[in-house]
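One-based numbering, in listed order, for ligands and for the atoms of each. Residue numbers start at 1 and run along the sequence shown. Please read all numbers here as calculations on a predicted model, not as lab measurements.
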Amino acid sequence: VEATYLPKDFPTLQNDTFLRAARGEETEHVPVWCMRQAGRYLPEFRESRAGKDFFDTCRSPESCCELTLQPLRRFPFDAAIIFSDILVVPQAMGMDVLMVAGKGPTFPDPLKEPEDLQRLRTAVDVEKELGYVFKAITLTRHKIEGKVPLIGFTGAPWTLMAYMIEGGGSNTYSKAKRWLYRHPEASHMLLRMLTDVIVEYLLGQVAAGAQALQVFDSHAGILGPVQFKDFSLPYLRDIARRVKDKLKETGQDVPMIVFAKDAHYALEDLSQSHYEVVGLDWTIDPRSARERTGGKVSLQGNMDPCALYSPKDRISEIVQKMVEGFGTRGYIANLGHGLYPDMDPENVGAFVEAVHQHSKLMIKQI
Ligand code: CP3
């Protein structure tokens, strides 16, 4: 796959701290970025998005580029994540997805029974269906001027399957889990179809200029250890292995991050699933995460997003403890999940500054 929109002679990368931390190499400070750093907590984001359909915005490379760059103009983040959404993949497979204000993502016609798999496109031409994401990445790589690396992303097969069956957000995901118990073979078929599209999609993002890749398994926690091992982990592994094998053919090496929210029971397995980085939510203690992953991977996370409601000096203390817990090597600071729309941008700035400040001092003392 090749995004043929703009030339690929990208500006030289000036800050590779994030990439070095992902590979477990030495850095001068701990790199930091935030999930949903391009989001509604920024007034300029709300202004750019006002009156426009969410997925129309996703389909405009210029809009995606602008929204990706906005947080970088305010804060010295060490990475940017392309503005898009995980649900563009079900759309590429032929499903309708709408973003309904106050409700979130909505599938008017979700998958109900195994026969419904026949409605899905099997061989997805990612260049045709998702070329707009590749264009957004290429454009953003130019406009970011080498300041920081650009992260591409996808939803994990299980998380996308959950949305495609549930038709939107849910507390129990019982419709999707019903499939796992009642239609295990059809479930595996769907997960395999998703995996195939995701592999091509991620390779297309790298060809377009993505310098790291994150796989979001946001609904991993709704599965227990047994179902995660059966219905999520093999596909997460397959994605990393196939993407890496393919990239190796052309001598490319792009760090991959897996974020399986609330799936601590799988931490040991996740640290041996071909990803360089394991992302963590806030419900796990940094020291125990280190012990359980045994130095095999870098870790990313995991401050409770709600800690950003604290006063700034308290944020600084919380960050210090978190960095001490993880240690400064092989560590990327982040939140345990995305920023919320009512968060104060100033406190996000305080979070970023605290990570840089505390980690610089700690690294000097080593
Ligand atoms: O800054 C960034 O993080 C980059 C952009 C990004 C978005 N969605 C933009 C977005 C990323 C990485 C995502 C991933 C995504 N989308 C996930 C995985 C991460 C996670 O949160 O667990 C999931 C589950 C989705 C599906 C989705 N899209 C949801 C649940 C929502 C929220 C709906 C709501 O009203 O709160 C969205 C919409 C969405 N995607 C927004 C943004 C900034 C907010 C809506 C808007 O801008 O109008």
Trainee: Just distances here: any N/O of S218 and N/O of ligand 1 closer than 3.5 Å?
Mentor: yes
Trainee: Of the protein's non-hydrogen atoms, which lies at the shortest distance from atom 15 (C) of ligand 1, and what is that distance?
Mentor: R36 NH2, 3.5 Å
Trainee: Please work out whether any backbone atom (N, CA, C, O) or any side-chain heavy atom from C-beta onward of K103 is under 4.0 Å from ligand 1, and answer side chain, backbone, both or neither.
Mentor: neither
Trainee: Only one of L202, T195, D196 forms a side-chain contact (heavy atoms from CB on, under 4.5 Å) with I198, so which one is it?
Mentor: L202
Trainee: Can you measure from OG (S84) to CZ (F55) and round to the nearest 0.5 angstrom?
Mentor: 8.5 Å
Trainee: Would you call the rings of F228 and Y265 parallel, tilted or perpendicular, where under 30° means parallel and over 60° means perpendicular?
Mentor: perpendicular
Trainee: Quick check on contacts: which atoms of ligand 1 are under 4.0 angstrom from a heavy atom of I81?
Mentor: 1 (O), 2 (C), 3 (O), 4 (C), 12 (C)
Trainee: Determine, using heavy atoms of I82 and all atoms of ligand 1, whether some pair is separated by less than 4.0 Å.
Mentor: yes
Trainee: Of the side chain and backbone of T68, name the one, both, or neither that has a heavy atom under 4.0 Å from an atom of ligand 1.
Mentor: neither
Trainee: Considering non-hydrogen atoms of the protein only, which is the closest contact for atom 11 (C) of ligand 1, and what is the distance?
Mentor: F153 CZ, 3.5 Å
Trainee: Would you say the side chains of N347 and Y309 form a donor-acceptor pair under 3.5 Å?
Mentor: no
Trainee: Is Q214 touching ligand 1 with its side chain, its backbone, both, or neither, if touching means heavy atoms under 4.0 Å apart?
Mentor: neither
Trainee: Anything under 30° is parallel, anything over 60° is perpendicular, the rest tilted; go ahead and classify H356 against H29.
Mentor: perpendicular
Trainee: Please check whether A38 reaches ligand 1 - meaning an N/O of the residue sits under 3.5 Å from an N/O of the ligand, judged on distance alone.
Mentor: yes
Trainee: Is a donor from one side chain sitting under 3.5 angstrom from an acceptor on the other, for T57 and R49?
Mentor: yes
Trainee: Any ion pair linking R314 and E317 (charged N to carboxylate O, less than 4.0 Å)?
Mentor: yes
Trainee: Parallel, tilted or perpendicular for H188 and F231, by the 30°/60° rule?
Mentor: parallel
Trainee: Please list the nearest protein heavy atom to atom 35 (O) of ligand 1 with its residue and the distance rounded to 0.1 Å.
Mentor: R40 NH1, 3.5 Å
Trainee: Please check if any side-chain donor atom of Q227 sits under 3.5 Å from a side-chain acceptor atom of W158, or the reverse.
Mentor: no
Trainee: How far is atom 21 (O) of ligand 1 from its nearest protein heavy atom, and which residue and atom is that?
Mentor: H337 NE2, 3.1 Å
Trainee: For ligand 1, which atoms, with element, lie under 4.0 Å from some heavy atom of I86?
Mentor: 14 (C), 15 (C), 16 (N), 17 (C), 23 (C), 24 (C), 25 (C)
Trainee: Measure the distance from atom 41 (C) of ligand 1 to every protein heavy atom, then report the residue, atom name and distance (to 0.1 Å) of the closest one.
Mentor: F54 CE1, 3.7 Å
Trainee: Atoms of ligand 1 less than 4.0 Å from F83 heavy atoms?
Mentor: 9 (C), 43 (C)
Trainee: Would you compute the distance between atom CE of M93 and atom CG of L130 and round it to the nearest 0.5 angstrom?
Mentor: 10.5 Å
Trainee: Check contact between F259 and ligand 1, using heavy atoms of the residue and a distance below 4.0 angstrom.
Mentor: no
Trainee: Taking non-hydrogen atoms only, is K261 closer than 4.0 angstrom to ligand 1 via side chain, backbone, both or neither?
Mentor: neither
Trainee: Give the residue and atom name of whichever protein heavy atom lies nearest to atom 24 (C) of ligand 1, and the separation in Å to one decimal.
Mentor: Y163 OH, 3.3 Å
Trainee: Return the CG to CD1 distance between L160 and I165, rounded to the nearest 0.5 Å.
Mentor: 11.0 Å
Trainee: Does P105 have a non-hydrogen atom less than 4.0 Å from ligand 1?
Mentor: yes
Trainee: Using heavy-atom distances, let me know which of G104, S84, A162 sits nearest atom 5 (C) of ligand 1.
Mentor: S84
Trainee: Does the pair D245/R242 count as a salt bridge with the N-to-O cut at 4.0 Å?
Mentor: no
Trainee: Which protein heavy atom lies closest to atom 40 (N) of ligand 1, and at what distance to 0.1 Å?
Mentor: D85 OD1, 2.9 Å
Trainee: For ligand 1 and H219, I'd like to know whether there is a polar contact (N/O to N/O, distance under 3.5 Å).
Mentor: no
Trainee: Verify the distance criterion only: is there a donor paired with an acceptor across the side chains of E66 and S48 at less than 3.5 Å?
Mentor: no
Trainee: How far is atom 48 (O) of ligand 1 from its nearest protein heavy atom, and which residue and atom is that?
Mentor: R49 NH2, 2.7 Å
Trainee: Hey, which atoms in ligand 1 end up nearer than 4.0 Å to a heavy atom of F45?
Mentor: 43 (C), 47 (O)
Trainee: Are the side chains of H219 and E166 in touch, meaning some heavy atoms are under 4.5 Å apart?
Mentor: no
